[in-house]
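FYI, side chains are in, hydrogens and waters are out, and symmetry mates aren't considered; it's all heavy atoms of this structure. Both counts, for ligands and for their atoms, begin at 1 and track the order of listing.
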Amino acid sequence: MTEHAYSEPERAAVYRAIAERRDMRHFTGGEVAPQVLQRLLAAAHQAPSVGLMQPWRFIRIRRPALREAIYQLVEQERVRTAEALGERADDFMKLKVEGVRDCAELLVVALMEGREQHVFGRRTLPEMDLASLSCAVQNLWLAARAEGLGMGWVSLFDPEQLGRLLNIPAGGKPMAVLCLGPVEAFYPAPMLVLEGWAEEKPLQELLFEDSWGAAS
Ligand SMILES: Cc1cc2nc3c(=O)[nH]c(=O)nc-3n(C[C@H](O)[C@H](O)[C@H](O)COP(=O)(O)O)c2cc1C
């Protein structure tokens, strides 16, 4: 610990938000107060980004017909994903993988156009733009948990079709449909674990020393 550390309760709050953040798919409608939404978006916008590129663009979905069109895109992709999963198709179709119709707020996060001009930190790793956008989403996710709001990242959609729907310019790309809002309760563990779809690996299995695969 250094002299720059937060107080014990402040540190506990940070770790608590990290531990209790969940990808939520069940929402209770309602609304997100405008000042809360503003705080959440400001938190997202404070994320780190490669070369200070700030490649994120947030589109708040207001029109019900547009929300429904996004729902239909997600539904289309959900069926295609099930087909691609083969023998796990039926189990996949039983999972709830989005809360687009039920959440209080729907946001789309897209990568900006003209990203090829940003070379700093991306010459060999162009995907650092997406890494930066993901940092913004994680900030939003954690801040939402602290505010008592659930959030779910939905990536089941055709980006070209969603881009057309939202007038995203050529070169831009939607990466996240975010369902945000009040929830009845936060899942006590990842829903995919609770549903028996996947298992979490312990950190120890993913932590190496000096060489890939070498146990620490
Ligand atoms: C980039 C990204 C895309 C995701 N896309 C979806 C999705 O389309 N549908 C879904 O139900 N969950 C999606 N998730 C949520 C993951 O399934 C979830 O994070 C994981 O199961 C762990 O659960 P937790 O977030 O509650 O810890 C996505 C998560 C990330 C980080």
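Shown are Ile61, Val108, Ile59; of these, the side-chain contact (heavy atoms from CB on, under 4.5 Å) with Leu66 is made only by Ile61.
Around CD of Glu68, the count of heavy atoms belonging to other residues, nucleotides or ligands within 6.0 Å exceeds 12.
The distance from the OG1 atom of Thr81 to the CG atom of Leu156 is 5.0 Å, given to the nearest 0.5 Å.
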Scan the side chains in residues 87-96 for donor-acceptor partners under 3.5 Å anywhere in the protein, sequence neighbours excluded, and list what turns up.
from: Arg88; atom 1: NH2; to: Trp197; atom 2: O; distance (Å): 3.0
from: Lys96; atom 1: NZ; to: Glu98; atom 2: O; distance (Å): 2.9

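Among residue pairs with one or both ends in residues 50-67, those qualifying as side-chain hydrogen bond (donor to acceptor under 3.5 Å, both in side chains) are His45-Trp56, Arg60-Glu105; sequence neighbours excluded. For residues 18-34, the pairs satisfying side-chain hydrogen bond (donor to acceptor under 3.5 Å, both in side chains) are Arg16-Glu20, Glu20-Arg145, Asp23-Arg25, His26-Tyr187, with sequence neighbours left out.
Protein residues lining ligand 1, listed by chain and number: Arg21, Arg22, Asp23, Arg25, Val97, Trp153, Val154, Ser155, Leu156, Pro190, Leu192 [non-hydrogen atoms, distance under 4.0 Å].
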